[in-house]
Amino acid sequence: MSVTFPDGFIWGTATAAHQVEGGNWNNDWWEWEHTSDRVREPSGDACDQYNRYEEDLDLLAGFGFNAYRFSIEWARIEPEEGEFSRVALDHYRRVCAACHERNLTPIVTFHHFSSPRWVAARGGWASAATAELFERYVTRASGHLGDLIGRACTINEPSMVATGGYLSGVFPPGQRDRDARHRANATFIDAHRRAVEVIRSGPGDAPVGICLAMSDYQAVDGGESYLERIRAGMEDVFLDALAGDDFVGVQCYSRTRVGPSGALRPEEGVETTQMGYEFWPESLEATIRRAYDRSGGVPVVVTENGIGTDDDTRRVEYTRRALQGVRRCLDDGIDVGGYVHWTLLDNFEWAEGYRPTFGLVAVDRETFERRPKPSATWLGTIARTGVMD
Ligand code: NOJ
């Protein structure tokens, strides 16, 4: 049975600067890639999108999408504290303009995991003062780009940066310190609130929101209280701080089963992806519902959803089932404004390097040649027609 989506629905793909641009040597991730044994390989030239963005936008528009979510790199825009680069800002102006020329709405993320080295040296996100530094950067960047921004995402998955960087130690700065993790969550919330104000008071009228990492948490054998504890620090602390935002970006990949003493491994017999996650596309529906309820009805945009797999037919199946869930949410009156797929290109998957392939388009690691996969045409056709057969 075919499924239809509303007119005006946002159909896009997402990327992040550090994962696709290449040569982002001035941020904390680059340093981490060269000092930590927890990263599989360095990002290097990534997908050279810094130079090839026009080719990528041509592809995206050609497939049938109407939006592109990308991030701007703080370390390029403010390479040293208080020193702003006009050249970097102009580059991102050109990227935004190139989106408009192709009828793609630029969805701009101001912080996607990476921070300038000088910010890290000043204590990073565990330091409350970073919220003010972020506010100053956002003021400058939105002042320069705001009239061209179609939708603004302040911060991408703050819970992952706070937890990966300060609790599990797999992201920079590799700490394992419960207090630092709590402080980082609080700094992110402060930074988000400041950024919303600044973006709204600058040029343009883009809707503003934050993008949250969510999971379909499921309690197993008495895991309810542990589940609540995990979810409080990963999701609720942020969902409870969004009143008045224009939208919340929901980003979901799988479910998380939680037993009485913590998160459990994938259930026996359930297919897993390259990331080791369970193949669980229905998790998107569950998290949209939860984000909407818990935030008190803030409109939802799916700002990421996708799968790391080398079998493109599984990508199509995963996305089809995820979109069926989006449709059920719409049927129940939940305000879901769009679906942005992670990701356009096979790219640098952080600690996992280039091994996981989430892209609708493969990238030759030597020549950077783009090779669209069948899923790109499949999803682009849904984007163009609003109908999924
Ligand atoms: C979440 C992050 O925002 C993105 O950077 C990452 O690559 C994907 N999910 C896939 O893990």
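First listed ligand is number 1; within each ligand, the first listed atom is number 1. Values below: all heavy atoms of this structure, side chains included; hydrogens, waters and symmetry mates excluded.
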task = Report, in ascending order of atom number, the atoms of ligand 1 lying under 4.0 Å from any heavy atom of His112.
result = 2 (C), 3 (O), 4 (C), 5 (O)
task = Output yes when Glu349 and Arg355 qualify as a salt bridge under the 4.0 Å nitrogen-oxygen rule, no when they do not.
result = no
query = What class does the angle between the rings of Trp29 and Trp32 fall in, given that below 30° is parallel, 30 to 60° is tilted and above 60° is perpendicular?
reply = perpendicular
request  = Salt-bridge test for Glu285 and Arg289: reply yes if a basic N is under 4.0 Å from a carboxylate O, no otherwise.
outcome  = yes
Exercise answer: donor-acceptor pairs, residues 221-233 side-chain atoms, under 3.5 Å, sequence neighbours excluded:
unit_1: Glu228; atom_1: OE2; unit_2: Arg231; atom_2: NH2; d: 3.2

remark   = If we number the atoms of ligand 1 from 1 as shown, the ones under 4.0 Å from a heavy atom of Glu157 are 1 (C), 2 (C), 3 (O)
key: Shortest protein contact, atom 11 (O) of ligand 1 (heavy atom only)   = Glu349 OE2, 2.7 Å
query = What atoms of ligand 1 come within less than 4.0 Å of a heavy atom belonging to Tyr253?
reply = 8 (C), 9 (N), 10 (C)
ask   = In ligand 1, which numbered atoms sit nearer than 4.0 Å to a non-hydrogen atom of Phe358?
value = 10 (C), 11 (O)
message = Give the atom numbers and elements of ligand 1 that come within less than 4.0 Å of a heavy atom of Gln251.
response = 3 (O)
query = Should the proximity of Asn156 to ligand 1, defined as any heavy atom under 4.0 Å, be assigned to the side chain, the backbone, both, or neither?
reply = side chain
message = If the cut-off is 4.0 Å to any non-hydrogen atom of Trp350, which atoms of ligand 1 fall inside it?
response = 4 (C), 5 (O), 6 (C), 7 (O)
query = Under 6.0 Å between the ring centres of Trp74 and Phe134?
reply = yes
key: Protein residue, atom and distance nearest to atom 9 (N) of ligand 1, heavy-atom basis   = Glu304 OE1, 3.0 Å
ask   = Do the charged groups of Arg328 and Asp332 touch, with an N to O distance under 4.0 Å?
value = no
message = Can you tell me how far apart CG (Asn347) and OH (Tyr354) are? Round to the nearest 0.5 Å.
response = 7.5 Å
